[in-house]
Amino acid sequence: MAEIRMPKLGESVTEGTIGRWLKQIGDSVALYEPIAEVITDKVNAEIPAETAGTLTEIYIKENETVPVGTRIAFIKEAGESGDRETPLVSASREKVEVSALEMPHAKDQDDASRSRYSPAVVRLAQEHNVALDKLRGTGLGGRITRKDVLLAVEQGAKGVKGERASQPSGGGTFATSVEQNPPSSANASSQRAFEPTMSAQKKDASGHLGARDVSMPITPIRRTIATRMKMSKHEIPHAWMMVEADVTGMHQLRARHKAAFREREGIELTYFPFFLRAVAEALKAYPLVNSEWTDDAILIRGDIHLSIAVATSDALVVPVIHNADQLTVTGLAHAVSDLATRARSNRLTLDDVKGGTFTVNNTGAFGSIQSQPIINAPQAAILSVESIVQRPVIRGGDSIAIRSMVNLCMSLDHRILDGFIAGQFIKSVKQRVEAYTVDSDF
Amino acid sequence: MAVKLYIDAIREAMQEEMRQNPNVFVLGEDVGLRGGVFRVTQGMIEEFGPERVMDTPLAESAIVGVAIGAAAYGMRPIAEIQFADFIMPAVNQIISEAAKLRYRTQGDWHCPLVIRAPYGGGVHGALYHSQSVEALFYHVPGLKIVTPATAADAKGLLRAALRDPDPVLYFEHKGMYRAIRDDVPEGDFTVPIGKARVAREGDDLTVITYGLMVHHTLTAAERLAADGISTHVIDLRSILPLDREAILEAARRTGKVLIVHEDNKTGGIGAEVSALIAEEALFDLDAPIARLCGPDVPAMPFSAPLEAFYMLNSTKIEDAMRKLAAF
């Protein structure tokens, strides 16, 4: 017999969510065949069967999050007759037993109670848009009770301060940041984005479903993206700027080498690695942009690890090209190709998504010419490379030429970066991408 | 209003109905000359004579069988079972005949019968004089079951039972006969069957109970109130049919529900109340539904310490309430 447990998918990872069961009870399973998809904060992975046999028990439901080491399934080996020593009644029963067995310390039990919500608590939190992880529970073992949620709703209705009063201090909330760093007018959009979540809104889709409407369940990965985006917008005062660059030279250079590159490297030569190269170099020149805000200091990162946003049909993942400044355009092209391929086939490892210091977003791939990306917290900025379009451009004051133009859009953490340094940085990127000519090396 | 004993309220209800309606009569063991083993029918044979307050042989199947026959002929019998424990020989009459008469005749016949039975323990009655039997009948469509907890309800529910066209089991906790007294309204009032009573209003937890346990629960609720914990207490009064709306409203009010009854836990009324709440009010629940009931042992012991162990009391209920409130 073999028990399958929630694997430890990284050094600091303590829990995982079962995204999807790839095998059902009764299915036969080959050795190392994936049986379930696991979602952690940053990466999706598959759990392989460590033994061949038949999947006889599934203890954890899809979308349920359990600590690392929790028993999640049971495989009966081929030819095995004996059953488990302790037959289990149901998934929920098992969860309780696991908690009792594997979390002997009082503190751990408290943690379990805290994150285990009653139906009433979940319903109220959804109705009133209350973030349960921010509440302090007064129930047994710190459990959040219905009264705790109602109190938070009541206090929330009285204003931001009231709502915050029920939350642990030092949470780095947006409200706190505003008090410390009044946003400039450039941050008006950030404020507007925050407003809807401050009011206790009802967000139940079923309440206003028309005959032709479809209610789509929220997948764990979608919920994670939503949480991350919301958190970033709440906590970081976003400012935004855009420059346009003339990349006619880069366009000609790529056209010249495209076929040979594909022949030689086995991958397409796209524009993106050129931009990555320029960003990595500019970050070296302006290290403050390669930083993050902490409560007591601005932490400037020594290594340049570029996160690149990769969109799949139903998710967004952000793998990292580590030490991007040490790679040539060709090296970067390979790194992008490798990460994108693995991202789209769910083969990324936790290391692939760890440690990014700056994000480059290839929105141009969708034909976009302008975007306002949300910062990949805790990074200080994110840059979008928009679509390269040919446009008539006035050159030298008295002539018009057809040029390949691109917009570079950057969102920045206005706590760390001001217009001056951000402007210098983006100008540096612009100059680097404009410097390519048809004869450049890369 | 006047303060009356629970036992007197029951007697008054019978007497007043018998004065108003010549078809009402009482039958049972020792109900006549002796005035009942608990003196519930004391003085009634003197007023109404042996034809309307009939002493019967020790044969519960006969008592109930005769009563069913009389009811079918338009009489309004009150069949007294001396101790609820003794009802077993009459179970076939109750379940197979009384409960089904209306159904099997497509409403041509019905069975306006009241069966009174003292039940419950804590009175040193031991094995055959302490049982709670309500769950045995709870499963049977066609019956109604009431268990008043106050003198006022005792009178009002018995009146309602005597005017009901169908068989009603009227379970009176013998521990309350002379221990409970409260204001009983004057005049011709009834308490409708199927309606629960809010015995106490509160916001922190809900206790749903009936019979003697209502009083233990209210005592415990007082103690919790001293510590700032507010308890909502529902006295079911009728256990068949249950007052679904009242139960669900009380459950939704606090999200924490404790069900208390003296009867055994397994398959008891609490199981049904719990299932109802789970089915209808899941998303209002803030804690697992809790039950505090008598232990699943065959009978009430005679030994005083063992009897005390078996019986629920306000301390045991208080403990369960505090545990739930803290959840």
Side-chain angles (χ1 to χ4, degrees), chain A residues 61 63-64 89-97 99-100 106 109-130 132-133 135-155 166 202-207 215 217-218, chain B residues 200-208 221 224-225 227-234 244-259 265-266 271 273-292 317-327:
Chain A
K61 291 196 282 280
N63 294 345
E64 237 182 287
V89 179
S90 70
S92 58
R93 170 81 176 269
E94 164 64 3
K95 273 197 82 177
V96 172
E97 288 179 6
S99 313
Q109 280 172 356
D110 281 1
D111 288 345
S113 299
R114 256 196 293 280
S115 57
R116 193 169 292 163
Y117 307 128
S118 71
V121 163
V122 172
R123 182 179 61 79
L124 284 170
Q126 285 171 348
E127 275 179 14
H128 298 285
N129 199 23
V130 173
L132 290 173
D133 55 351
L135 291 192
R136 187 169 293 162
T138 59
L140 190 69
R143 189 184 77 91
I144 293 168
T145 67
R146 193 170 87 158
K147 289 206 156 196
D148 295 331
V149 183
L150 287 170
L151 184 70
V153 171
E154 198 181 302
Q155 290 177 336
S166 64
K202 189 173 161 72
K203 290 196 174 168
D204 181 5
S206 61
S215 172
I218 298 171
Chain B
R200 183 187 175 102
E201 299 228 9
D203 297 315
D204 290 323
L205 74 156
T206 295
V207 182
I208 298 173
L224 263 66
D227 295 331
I229 303 168
S230 122
T231 310
H232 195 69
V233 181
I234 293 291
R244 296 165 60 93
E245 288 72 29
I247 290 168
L248 294 172
E249 188 190 331
R252 290 186 172 122
R253 179 167 175 145
T254 67
K256 293 181 173 182
V257 180
L258 171 68
I259 303 157
K265 187 172 190 175
T266 301
V273 172
S274 170
L276 169 67
I277 296 169
E279 281 177 350
E280 304 283 339
L282 177 72
F283 295 108
D284 293 292
L285 288 181
D286 196 28
I289 301 167
R291 286 183 290 163
L292 180 70
I317 297 172
E318 182 188 343
D319 289 346
M321 284 162 70
R322 285 190 188 279
K323 198 172 152 197
L324 182 60
F327 184 82

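Note that this is a predicted model, so its numbers are computed, not measured. Letters go in sequence order (proteins before strands), and every chain restarts at 1.
For the pair B:Leu282 and A:Arg123, the minimum side-chain heavy-atom distance is 4.5 Å or more. Annotation: side chain of A:Leu151 is not in contact with side chain of A:Thr138 (no heavy-atom distance under 4.5 Å). At least one side-chain heavy atom of B:Ile229 sits under 4.5 Å from a side-chain heavy atom of B:Leu205.
The pair B:Asp204-A:Lys147 meets the salt-bridge criterion, with a side-chain N (NZ, NE, NH1 or NH2) lying under 4.0 Å from an Asp/Glu carboxylate O.
Within the 3.5 Å criterion, the main-chain N or O of B:Ala287 finds no donor-acceptor partner in the side chain of A:Ser118.
Within residues 318-325 of chain B, no residue has any heavy atom under 4.5 Å from a heavy atom of chain A.
Counted within 6.0 Å of CD on B:Glu280, heavy atoms from surrounding residues, nucleotides or ligands total more than 12; the atom is thus considered enclosed.
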